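Values in this document were obtained by computation on a predicted structure and should not be read as measured data. Any value given below was found using the heavy atoms of this structure, including those in side chains, with hydrogens, waters and symmetry copies removed. Residue numbers count from 1 along this sequence. Both ligands and their constituent atoms are indexed starting at 1 by order of listing.
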Amino acid sequence: MQKERKVIWRSPSNIAIIKYWGKHGVQLPRNASFSFTLSEAYTDTEIVFKAKTGSDDPTVEQFLFEGEENLKFAEKVIKYIESISSRVPFLDEYSLSISSSNSFPHSSGIASSASSMSALAMGLCDIERILAGREDLDYFKASELARLGSGSASRSVFPIGSVWGLHPKIERSSDIHAIKYDQIHPVFKNYRDDIIIVSEKEKAVSSRAGHALMENNPYADDRFAQANQRLTSLVSILETGDVDAFCKMAEDEALALHGMMMCSNPSYMLMEPATVSIIKAIRSYRKKTRLPICFTLDAGPNVHVLYPETISSEIALFIEDELLPLSNGGKVLKDKVGNGPTKIK
Ligand code: PMV
């Protein structure tokens, strides 16, 4: 019997402040983006690997999601593994049994592609390291492989803050992989992100279709330029810890992303009435209290509420009393900025 070995990696989701929306070529971004790596919403991925006994052996022997066979996910993983095999030569000689589970309910409306693709990429790079007898894991390669699965996943590989996409003001930035971005004021290093669940339904328009619609969006070129300029401004906001300027930036970016969706052809809208009510409640609470609380949105209706850790007790009451009654089911997932992937085994 062939010797089996295994690795298990835990990798988190991330929340973009400067949004990636629009791509070209092989999963290359049209603009640079910045995100905070999260900590509570993560995927654990176990990869058991053993040498193939013949050339007919499949590379992916089995894929389990939450302990069960899942044909839809298995097909995706097999296609992904095939697509990266020229970059990962050991895949010709080894077969993998992969099993993956999330810390958050799959049907919560929370995108799992960033955590799942980065956990898988970390595992693959770790196996490559083990087989080569190397000490250090190649994080840039892990980010590149994660990117090939889902663009935003490239940023989950690094702790705290990460930039993906070539940007003239950010040294070593690249379209090929994300980089760790560490000129970040301490106030942001434990920033909170409470996700108010507005809908648990699968999105009507996938991210893949959304990115594709940017190709004919009449505002696309201005939008890509705007995102890059905003990243220049964000760099100094992050460095100085200017939480008020941060609030404006996060909200402007979220609304630009959703504005692009509404200006696409065909036009579509992922915000729900409850999304808008929650946004308005956050803005009026900020005006009344002058506390630096703001929102951002992913490609979906759920609202990410962002604020410094120091005001978390006030914000917990506000969320409970004023935001949850506006959401459709009163659910919130509490997350915060975190330290990136960890090896479990
Ligand atoms: O990684 P994708 O292809 O699912 O794109 C996600 C893009 C946004 O989440 C909307 C923004 C971002 O930069 O994460």
>> Any nitrogen or oxygen of Arg155 lying under 3.5 Å from a nitrogen or oxygen in ligand 1? Just yes or no.
In response: yes
> Has ligand 1 got any nitrogen or oxygen that is less than 3.5 angstrom from a nitrogen or oxygen of Asn14?
Replying inline: no
>> Quick test of your reading of the model: are Asp252 and Lys248 salt-bridged, counting only N-O distances below 4.0 Å?
In response: yes
>> I'd like to know if Arg290 pairs up with Glu314 as an ion pair, taking the criterion as any Lys NZ or Arg NE/NH1/NH2 lying under 4.0 Å from an Asp or Glu carboxylate oxygen.
In response: no
> Does any N or O atom in Trp21 lie less than 3.5 angstrom from one in ligand 1, N or O only?
Replying inline: no
> Who's the nearest protein heavy-atom neighbour of atom 1 (O) of ligand 1, and how far?
Replying inline: Ser152 OG, 2.7 Å
>> Any nitrogen or oxygen of His211, side chain or backbone, less than 3.5 Å from one on ligand 1?
In response: yes
> At a non-hydrogen distance cut-off of under 4.0 Å, which region of Ser207 contacts ligand 1 (side chain, backbone, both, or neither)?
Replying inline: side chain
> With a cut-off of 4.0 Å, which atoms of ligand 1 are near a heavy atom of Ala299?
Replying inline: 10 (C)
> Quick one: nearest non-hydrogen protein atom to atom 8 (C) of ligand 1, plus distance?
Replying inline: Tyr20 O, 3.9 Å
>> If the threshold is 4.0 Å, N to carboxylate O, is there a salt bridge linking Lys336 and Glu309?
In response: no
Hey, can you pull the donor-acceptor pairs under 3.5 Å for the side chains in residues 175-186, sequence neighbours left out?
residue, atom, partner, partner atom, Å
Asp175, OD1, Leu166, N, 2.7
Lys180, NZ, Asp182, OD2, 3.1
His185, ND1, Val187, N, 3.0

> Distance under 6.0 Å and angle within 45° of the ring axis: does Arg5 meet both against Phe49?
Replying inline: no
